[in-house]
Amino acid sequence: MSRAELVVDVAAIRHNIRRLGEFTATPVMAVVKADGYGHGMLPAARAAREAGVPWLGVATVDEALALRDDGDAGRVLCWLTVPGDDLMPPVARGIDITAYTVDELDRIAEATQRAGRKARVQLKIDTGLSRGGSTLASWPDLVARARAGEETGTWTVTGIWSHFSSSEVPDDPANATQEKLFREALDLADEAGLRPEVRHLANSAAAILRPSARFDLVRCGIAAYGLDPAPGLTPPELDLRPAMTARADLALVKHVDAGAAVSYNGRWVAPEATTLGLVPVGYADGILRSAGNRGEVLVAGRRRPIRGSVCMDQVVVDLSGDEPTPGDPVIVLGPGTSGEPTAQDWAEATGTISYEIVTRLGGRFARRVVDSESDREI
Ligand SMILES: *Cc1c(COP(=O)(O)O)cnc(C)c1O
């Protein structure tokens with residue numbers, strides 16, 4: 001065991017993905033971008049395939065190529081290219097590339113020449129997130145060019161998709177508006193002669209909360225890792241299980257007197273004598289600095305508040321007179337089944353979302369991948 005480690009249980013990832021497939025009755029694309037939301041892209045991708053997903057989703061071409069390098073031969077979609085990306089390798093390796101513009105289609109066409117192979121292209125329509133994707137105004141030109149490329153044998157248009165802005169707020173009228181625009185974009189594509197294999201719109205929250213948005217495929221990221229995309233709204237029978245536990249060895253225990261000012265700038269002053277514990281992870285390891293005086297960790301069976309500022313390499317917690325032994329385990333976050341805080345608890349303490357909590361953990365945390373179903377260590 002390392003002094004500080006992220007323990008990732010791939011059995012939990014498999015379980016979550018199977019449950020998402022059963023619950024939505026729709027094929028699942030497991031989204032493994034951003035190093036599998038901090039869980040490790042390759043172990044997450046392998047677990048997802050074991051759970052039977054037909055698709056993996058990533059942001060960048062490099063992420064998609066890393067999946068191929070790992071031996072993954074299944075369907076992989078990427079959706080964030082930049083003009084400098086060489087699109088020949090993803091075309092050559094059968095990766096589905098998302099195009100937002102005619103310009104991107106031209107670059108894909110050029111890459112097919114060098115790859116000596118037909119490309120697989122998906123088109124993204126911007127239905128209201130105003131991030132990536134074609135506007136509705138540009139859509140007719142994009143689908144016309146995409147259809148022309150099919151006719152010349154340059155590519156197959158394998159998918160059409162979009163992305164919600166507010167799916168974790170099911171009552172937000174933006175959801176219905178986006179879904180309606182998505183259907184309009186699908187109709188226009190159909191009129192232009194496109195017959196994509198998959199139409200997809202839903203991320204985790206929409207997959208769970210908005211059946212009308214499931215179409216042919218649901219793109220699940222956060223829920224695959226067992227974190228709740230819509231806290232308070234997700235049906236408990238979905239039974240999501242957080243896959244990550246972050247732990248560290250307690251570095252030091254000591255007594256301080258009343259009036260001791262703790263950590264930089266003395267942002268917490270002991271009102272009475274207490275014991276303090278030193279936890280050897282800090283903001284360089286992804287512990288948000290905003291958790292100063294707010295976050296909690298589990299030591300010796302109890303939640304212990306962080307006192308003062310989070311430092312680069314360490315945080316100080318209040319042991320309230322208890323005296324655990326240096327070297328004892330500190331659970332920073334986990335599934336919550338032993339009383340430890342969850343990523344959601346950290347998110348609420350620091351004013352962010354669980355996505356940011358888990359994707360930021362890294363730095364000097366080692367990663368250990370385990371399989372609780374087979375007691376395998378991977
Ligand atoms: C990250 C991402 C997802 C996954 O979203 P979750 O809310 O984590 O399920 C789906 N689609 C796109 C386009 C994304 O960028």
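Atoms within each ligand, like the ligands themselves, are counted from 1 in listed order. What you are looking at is a predicted structure, and each value in this text was computed from that prediction instead of being measured.
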TODO: Return the set of residues passing side chain to side chain donor-acceptor pair (under 3.5 Å) with Glu22 (not counting sequence neighbours), or none when no residue passes.
DONE: Arg19

Task: CZ (Arg18) with more than 12 external heavy atoms under 6.0 Å - done: yes

Task: Contacts of Arg75 that satisfy side chain to side chain donor-acceptor pair (under 3.5 Å) - sequence neighbours left out - done: none

Task: Name of the residue among Arg93, Arg49, Arg46 meeting salt bridge (Lys or Arg N to Asp or Glu O under 4.0 Å) with Asp70 - done: Arg46

- [ ] Might you list the protein residues in contact with ligand 1, defined as having a heavy atom under 4.0 Å from one of its atoms, sorted by chain and number?
- [x] Val31, Lys33, Tyr37, Trp79, Arg131, Trp161, His163, Asn203, Ser204, Arg219, Cys220, Gly221, Ile222, Tyr355

Task: side chain to side chain donor-acceptor pair (under 3.5 Å) partners for Thr81, two or more places apart - done: Glu104

Task: Short side-chain to backbone donor-acceptor contact, Asn175 and Val169, under 3.5 Å - done: yes

